[in-house]
Amino acid sequence: MRDLDFTTVFILAQKELRDARRNRWFLLYAAAFAGLSLGLAALALSGAGNYGLAGFGRTSASLINLILLIVPLMGLTLGALSLAGEREKGTLLYLLAQPVTQLELLLGKFVGLALALMAAIALGFGLTGLLIGVNGGGAQVTTYLGLLLLTCLLVLVSLSLGFLLSALVQRGATAVGLALFLWLGLTIFGDLGLMGTALILRLNVDQLFALALINPLQLFKITAVFNIRQNLELLGPAGIYAIRTYGSQLLPLLIGLLTLWIIAPFLVAIQLFKRKGVL
Amino acid sequence: MNGKRLSVGLIGLLLWLSGAWGVGSGAWGVAYALLPTPHSLQSPSIPAEGLAQAIAAAAPGDLINVQGGVYSGHLLIDKPLTLIGHDWPVIDGGGEGSVVQITAPGTTVRGFLVQNSGDSLDQENTGIVVEAPNTLVEDNRFEQTLFGIYLRQANNSVVRGNLIHSKPLDVPRRGDGIRVWYSNDVLIENNTVEMGRDVVLWYSERLTVRGNVVNNGRYGLHFMYCDDAHIVQNRLTNNSVGAFLMYSRRMIMENNTVAGNRGPSGYGIGLKDMDDAIVRDNLFLDNRVGAYLDGSPREVDSIGHFQRNVFGYNDIGVEMMPAVRHNEFMGNSFVDNDEQVAIAGGGSSAANNSWTVADQGNYWSDYAGFDANGDGFGDIAYSSERLFENLVAREPNLRLFLYSPAINTLDFAAKAFPIVRPQPKLVDERPFMTPIIPSQVPALPRAAVSWWFVAAFLLLFLALGIVQLSRLRQHPYRFPQLEKQV
């Protein structure tokens, strides 16, 4: 039996892209991301410009904060809606009545949504980059592109997690609810919990660093800081510990863990989807 | 069709913009590129290797013009002469010892390229050693010299307009671009020191250090026991420490630009046991720590003055040791530092240092108050009390969570529920509503901007391309027999 035909995957991805262009949530996210990053950059640059400091460094710091909030929200909710929404509407059944396998459907949806989200991110970064250029730039355009690539990784991570939630539950509303819950956990409560734990249990730097790496958002943030500064002094003793311990292995380690966060949830989602079927 | 025309238009715009911006972007920071490259022009009046004989033959007070050429070996100037180089005559030390030694007061050396000293730190191999007062070392270039210019007991000397590069060794194995040792009333002006170790000024009183550029070294300026020094309009960038001032009295540092000094120490300016220092109208930007205070001032009746400086975009604006007291901060602008003021080890410095002087406070970019009566000052006090900073001071490991949205939540919670509000680090009763920007400071070099436009347009294209992808037609299942019939 035919299991995977890339032409079919491509057609499904195209369909997903077309759907995304009509999806009000997606358009809202894209506009919000572009608007907020432009606003933040304008704010940071208008101040820095007064001192002749063409500082992308500062812009990037506020960008990291924005990305940490909004990008996982985009990936998680859109991913969560992808299967559950269509399952609820019955269109999933209709799709799978065509000569299309479950794997092809899942891959096509993932690729389509991933492309749509990356387009939104590229749009936001492109417009913000123009603004930074007009305001006198900064030498580190490669750093900026590095941050863009990391943001793409982060959106893939959250999309993959969204797919997992979507394969898990029956109804779209439940999936989105779960996605929002997970988003809160990853952005805020996970870190707060870890901070509390560190304070109470007096965790060592190595323990703290290892525990922080469990959260993909922390992974992204640490990698982004490393990308901007080429070291982790900014993150205090734990950052210095990480550099001392892993040295040049640190970046591959961080990127590898992020990639793992993309692949693993998606694989589980595939298994769940296959076992559960379309209904 | 429409999409295609759009793409062509965008490409055109992209090329035009990158061209237009590229023109302005090439010329910054490299003043020495304008100097002619040295060449071995043979001078008719003085043959190569004849410079020493010329000096030996000259009477005290003579003027010697040197036209180009390469003069190998070590030069001793032991009578007061004026040596003027034209077309960059080269004095080449051949990789051993110091190149030029001046022992006669009142000597002038101008317009030479001094190169290839030895690389022994013990023997302090130097480009030009000055061991006599009233000497002028002006408009020379130094290449491959371990130490550049060394003033040793050379009161009233002037070092002006020199360009100094050390040897391309590891930073600790390089020498000092300029070293001033037991030399009072010296003027160090408009020099550029790049890729050196430190610029060191020790045991010298009434120094003036003005208009110099120190880049990519370890200590931009390092003062010890230099009472009454005046540091003005220097640009200290990308060193480990911009300026470290130690064990001196009545120093004035004003109108300097101190930026991008990072690394494990990474201070814009450090003050150690400094009495009655005045630090005013400086820019401290993008350093790890803008200003670091340790034991300053030292004496009980002495006061440290910090006026109208900008501490902007540093990881920490001002950091002080817990015992630091008697500093007065007035009219400074604290702009978007990750942490505006830090007390190493936590605690409060409010009782020991003044943040409002003569009814004037400072500008704080994170001030959330208002100015109802329009006098330019906020009507409620600024108090620095971020819960996260408080936690980090207690448990430094938590700095790992910087930039996390959880931090914003935590600080918001602390504001909303005062029961967890930390003890304020400092209180400013009369905060300024707008920052004060010093005007007489050296400008920072502008960075190249064209690549930003290239990258930005590529990204916009990419986004456009992905959208277009959904329009692409695919015919995966064709039935040729059917098509033939039609």
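Only this structure's heavy atoms are used, side chains among them; waters, hydrogens and symmetry mates stay out.
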Working note: L123(A) + L460(B), criterion side chain to side chain contact (heavy atoms under 4.5 Å, CB included); need CA distance, chi angles, decisive distance, verdict.
CA-CA 5 Å; L123(A) 178 76; L460(B) 293 179; 4.0 Å; yes
When you look at V141(A) and V454(B), which way does the side chain to side chain contact (heavy atoms under 4.5 Å, CB included) test go after all the steps?
CA-CA 10 Å; V141(A) 72; V454(B) 175; over 6 Å; no
Stepwise side chain to side chain contact (heavy atoms under 4.5 Å, CB included) check, R262(B) with E233(A)
CA-CA 10 Å; R262(B) 293 191 166 275; E233(A) 278 157 19; 5.6 Å; no
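Crowding of Q440(B) atom CD: a count of heavy atoms from other residues, nucleotides or ligands under 6.0 Å not exceeding 12. Atom CH2 of W183(A) has more than 12 heavy atoms from other residues, nucleotides or ligands within 6.0 Å.
Contact of the L469(B) side chain with the F10(A) side chain is registered, since non-hydrogen atoms from C-beta on lie closer than 4.5 Å. Contact of the N408(B) side chain with the N65(A) side chain is registered, since non-hydrogen atoms from C-beta on lie closer than 4.5 Å.
With a threshold of 4.5 angstrom between heavy atoms, F209(A) approaches chain B through its backbone and through its side chain. Looking at L145(A), only its side chain comes within 4.5 Å of chain B, counting heavy atoms on both sides. With a 4.5 angstrom heavy-atom cutoff, N231(A) does not touch chain B via any of its atoms. Within the 4.5 angstrom heavy-atom criterion, only side-chain atoms of I407(B), from C-beta onward, approach chain A. Heavy atoms of L199(A) lying under 4.5 Å from chain B belong exclusively to its side chain. The parts of R18(A) that come within reach of chain B are both its backbone and its side chain, each placing non-hydrogen atoms under 4.5 angstrom from that chain. Heavy atoms closer than 4.5 Å to chain A are found in both the backbone and the side chain of S404(B). Looking at L232(A), there are no atoms closer than 4.5 Å to chain B (heavy atoms on both sides), in backbone or side chain.
Atom CG of L203(A) is separated from atom CG of L400(B) by 11.0 Å, given to the nearest 0.5 angstrom. F125(A) contributes atom CZ, which lies 15.0 Å from atom CG of L458(B) (distance to the nearest 0.5 angstrom). Here CD1 of I222(A) is found 11.5 Å from CG of L402(B). Values are rounded to the nearest 0.5 Å. A distance of 6.0 Å separates CG in N397(B) from CG in L208(A), rounded to the nearest 0.5 Å. Distance check, rounded to the nearest 0.5 Å: CZ of R399(B) to CG of L234(A) gives 6.5 Å. To the nearest 0.5 Å, atom CG of residue L410(B) and atom CE of residue M195(A) are 5.0 Å apart.
Across L131(A), V225(A), I240(A), L194(A), the residue that shares the most heavy-atom pairs under 4.5 angstrom with chain B is L194(A). Note on V441(B), L398(B), L462(B): by heavy-atom pairs under 4.5 Å with chain A, the leading option is L398(B). Residue with the most contacts toward chain A among A406(B), A443(B), P396(B): A406(B) (heavy-atom pairs, distance under 4.5 Å). With respect to chain B, the highest number of heavy-atom pairs below 4.5 Å among L17(A), N204(A), T187(A), L235(A) belongs to L235(A).
When all heavy atoms of Q218(A) and F401(B) are compared, the pair lying nearest together is NE2-CD2, 3.4 Å. Closest approach of G129(A) to A456(B), counting heavy atoms only: C-CB, 3.9 Å.
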